[in-house]
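What follows is a set of notes on a single structure, which appears directly below.
If you're wondering where the values come from, they're calculated on a predicted model, not measured in any experiment.
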Amino acid sequence: MNILIFGPNGSGKGTQGAIVQKKFGVAHIETGVIFRENISKGTKLGKQAKGFIDKGELVPDDITVPMILNRLKEDDCKDGWLLDGFPRNLAQAKALYEALEKEGIKLDYVIEIILDRQTSKNRIMGRRLCAKDNNHPNNIYIDAIKPNEKDGTFTCRVCGGELSARADDQDEAAIGKRHDIYYDTATGTTAGVNYFKERAVVIGVDGLPSVKEVSEELLKKLG
Ligand code: AMP
């Protein structure tokens, strides 16, 4: 099963992606996570990507596209993948679609989580990352996934691990830039989603309800 998941930053895309990934037992490939791991390890890729990420800009396609196409060839992707954070623009969407066509790889589903810009922004600013596991969702502004709080300090609601906020999550200008890219229907991410609407099965879900309600709706539609 090969799946793409789209949604603006802050729509719960990572959380829903983790649920879908578990259901189908496929590899969960998150572009943002790959970049952040490379930055913390100080790799060449990390050094190239950091400046763009800190400003909320896209890492250039000539770095990102081959990185992802190579990642999809790794062993853990043999039984399928869920791609999150890529494609991020129309050019990446075309490059991915053409590469899959060329290799005869079927795209089973494209998921689109639909959420307005203001709600997405609020959710981003409340998001906290667990030091132990990236798939432990915590958000200080969403009751259902609110971290544990003791003496004014938040800890992971799943494992008690240390939490941190991503620098780019607290920067309103950077959030604005990321959303400009997402909601751009000419060449941005929404243009990429629309490109797939003519070429694949696109499943749209409303991202406004609770995590549980959104996942139920999504899993029902995925069959
Ligand atoms: P995310 O964790 O998905 O919000 O990604 C964090 C940052 O990584 C983005 O703001 C971009 O700077 C970069 N990034 C993630 N995915 C892509 C992509 N497909 N193309 C270019 N840059 C990306």
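The hydrophobic clustering, which links ILVMFWY residues whose side-chain heavy atoms are closer than 4.5 Å, places Val110 and Leu83 together. Both Val193 and Tyr97 belong to a common hydrophobic cluster when Ile, Leu, Val, Met, Phe, Trp and Tyr are linked at side-chain heavy-atom distances under 4.5 angstrom. Both Ile111 and Val211 belong to a common hydrophobic cluster when Ile, Leu, Val, Met, Phe, Trp and Tyr are linked at side-chain heavy-atom distances under 4.5 angstrom. By the rule that hydrophobic residues join a cluster once side-chain heavy atoms approach within less than 4.5 Å of another member, Phe35 and Trp81 end up as members of one cluster. One hydrophobic cluster, built from ILVMFWY side chains closer than 4.5 Å, cannot hold both Leu69 and Val26; they sit in different ones.
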- [ ] Could you check Asp84 against Ile29 for side chain to side chain contact (heavy atoms under 4.5 Å, CB included), going step by step and ending with a plain yes or no?
- [x] CA-CA 6 Å; Asp84 176 342; Ile29 317 281; over 6 Å; no

TODO: Would you please test Cys156 and Glu162 for side chain to side chain contact (heavy atoms under 4.5 Å, CB included) and show each step?
DONE: CA-CA 6 Å; Cys156 177; Glu162 212 175 288; over 6 Å; no

- [ ] Show your working on side chain to side chain contact (heavy atoms under 4.5 Å, CB included) between Leu4 and Leu107 and close with a plain yes or no.
- [x] CA-CA 8 Å; Leu4 299 182; Leu107 187 56; 3.8 Å; yes

- [ ] Would you check, one step at a time, whether the test side chain to side chain contact (heavy atoms under 4.5 Å, CB included) holds for Arg166 with Arg36?
- [x] CA-CA 10 Å; Arg166 276 165 48 184; Arg36 282 190 291 282; 3.1 Å; yes

- [ ] Using the side-chain hydrogen bond (donor to acceptor under 3.5 Å, both in side chains) rule, take Asp116 and Thr119 through it: C-alpha gap first, then chi angles, then the decisive distance, then the call.
- [x] CA-CA 6 Å; Asp116 69 273; Thr119 310; 2.7 Å; yes

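Using modelled atom types, one side-chain atom of Asp184 and one backbone atom of Ala186 make a donor-acceptor pair closer than 3.5 Å. A donor-acceptor contact shorter than 3.5 Å is absent between the side chain of Arg127 and the backbone of Asn138. With Thr185 contributing its side chain and Ala191 its backbone, the two residues share no donor-acceptor pair below 3.5 Å. The closest donor-acceptor contact from the side chain of Thr31 to the backbone of Thr64 lies at 3.5 Å or more, if one exists at all. Panel note: side chain Lys55, backbone Ala174; no donor-acceptor pair is recorded below 3.5 Å. Under the 3.5 Å distance criterion, the side-chain polar atoms of Gln170 are left unmatched by any main-chain donor or acceptor of Ala165. Side-chain atoms of Asn139 never come within 3.5 Å of backbone atoms of Ile145 as a donor-acceptor pair (strictly under, hydrogens ignored).
Residues Ser164 and Arg128 are not in side-chain contact: their nearest non-hydrogen atoms beyond the backbone lie 4.5 Å or more apart. By the 4.5 Å heavy-atom criterion applied to side chains, Lys150 and Thr155 are not counted as neighbours. Side-chain contact check for Leu218 versus Val20: some heavy-atom pair is nearer than 4.5 Å.
A pairwise comparison of heavy atoms in Pro147 and Ile140 identifies CG-CG2, 3.8 Å as the closest pair. Ile113 approaches Lys13 most closely through the heavy-atom pair CD1-CA, 3.8 Å. Taking both residues in full, the closest heavy atoms of Ala49 and Val59 are given as CB-CG2, 3.9 Å, listed atom of the first, atom of the second, then distance. Minimum interatomic distance between Lys50 and Asp54 (heavy atoms only, all atoms of both residues): NZ-OD2, 2.5 Å. Shortest non-hydrogen contact noted between Ala18 and Asn135 is CB-OD1, 4.0 Å.
Using a 4.0 Å cut-off between a side-chain N of Lys or Arg and a carboxylate O of Asp or Glu, Arg178 and Asp169 qualify as a salt bridge. With respect to the salt-bridge test (charged N to carboxylate O, under 4.0 angstrom), the residues Asp76 and Lys78 do not qualify. Ion pair Glu172/Lys121 flagged as a salt bridge, since at least one NZ, NE, NH1 or NH2 atom sits closer than 4.0 Å to an Asp/Glu carboxylate oxygen. Under a 4.0 Å N-O distance rule, the pair Glu217/Lys221 qualifies as a salt bridge.
For residues 201-223, no residue pair satisfies the ring pair (Phe, Tyr, Trp, His ring centres under 6.0 Å) rule, not counting sequence neighbours. Screening residues 198-223 for ring pair (Phe, Tyr, Trp, His ring centres under 6.0 Å), with sequence neighbours left out, gives no hits. Annotation: ring pair (Phe, Tyr, Trp, His ring centres under 6.0 Å) contacts involving residues 106-160, sequence neighbours excluded, are absent.
For Glu37, the side-chain contact (heavy atoms from CB on, under 4.5 Å) test picks out Val33, with sequence neighbours left out. Taking Phe52 as the reference, nothing meets the ring pair (Phe, Tyr, Trp, His ring centres under 6.0 Å) condition, with sequence neighbours excluded. With sequence neighbours left out, His28 forms a ring pair (Phe, Tyr, Trp, His ring centres under 6.0 Å) with no residue at all. For Ser210, the side-chain contact (heavy atoms from CB on, under 4.5 Å) test picks out Lys212, Glu213, with sequence neighbours left out. In this structure, the side-chain contact (heavy atoms from CB on, under 4.5 Å) partners of Pro8, at least two apart in sequence or on a different chain, are Ser11, Leu115, Ser120, His179, Tyr182, Tyr183. For Asp180, the salt bridge (charged side-chain N to carboxylate O under 4.0 Å, His left out) partners at least two apart in sequence or on another chain are Arg117. Residues meeting the salt bridge (charged side-chain N to carboxylate O under 4.0 Å, His left out) test with Asp206, sequence neighbours left out: none.
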Under 3.5 Å, which donor-acceptor pairs do the side chains of residues 197-205 form with other protein atoms, sequence neighbours left out?
unit_1, atom_1, unit_2, atom_2, d
Lys197, NZ, Glu112, OE1, 3.4
Lys197, NZ, Asn194, OD1, 3.4
Arg199, NH1, Tyr195, O, 2.8

Under 3.5 Å, sequence neighbours excluded: what are the donor-acceptor pairs made by side chains of residues 86-96?
unit_1, atom_1, unit_2, atom_2, d
Arg88, NH1, Gly85, O, 3.2
Asn89, OD1, Ala91, N, 3.2
Asn89, OD1, Gln92, N, 2.7
Asn89, ND2, Asp61, OD1, 3.3
Gln92, OE1, Arg88, N, 2.7
Gln92, NE2, Asp61, OD1, 2.9

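Rounding to the nearest 0.5 angstrom, the gap separating the CD1 atom in Ile142 from the CZ atom in Arg123 is 4.5 Å. Separating the CD1 atom in Ile39 from the CD1 atom in Ile34 is a distance of 12.0 Å, to the nearest 0.5 Å. The structure places CD1 of Ile105 at 5.5 Å from CG of Leu100, a figure rounded to the nearest 0.5 Å. Interatomic distance, Lys106 NZ to Met1 CE, rounded to the nearest 0.5 Å: 8.0 Å. Distance NZ/Lys132 to CG/Leu163: 10.5 Å, rounded to 0.5 Å. Rounding to the nearest 0.5 Å gives a distance of 7.0 Å between CG of Leu82 and CD of Gln21.
The neighbour count for Lys177 NZ, taken as heavy atoms of other residues, nucleotides or ligands under 6.0 Å away, is above 12. In the displayed structure, Glu74 atom CD is contacted under 6.0 Å by more than 12 heavy atoms of other residues, nucleotides or ligands.
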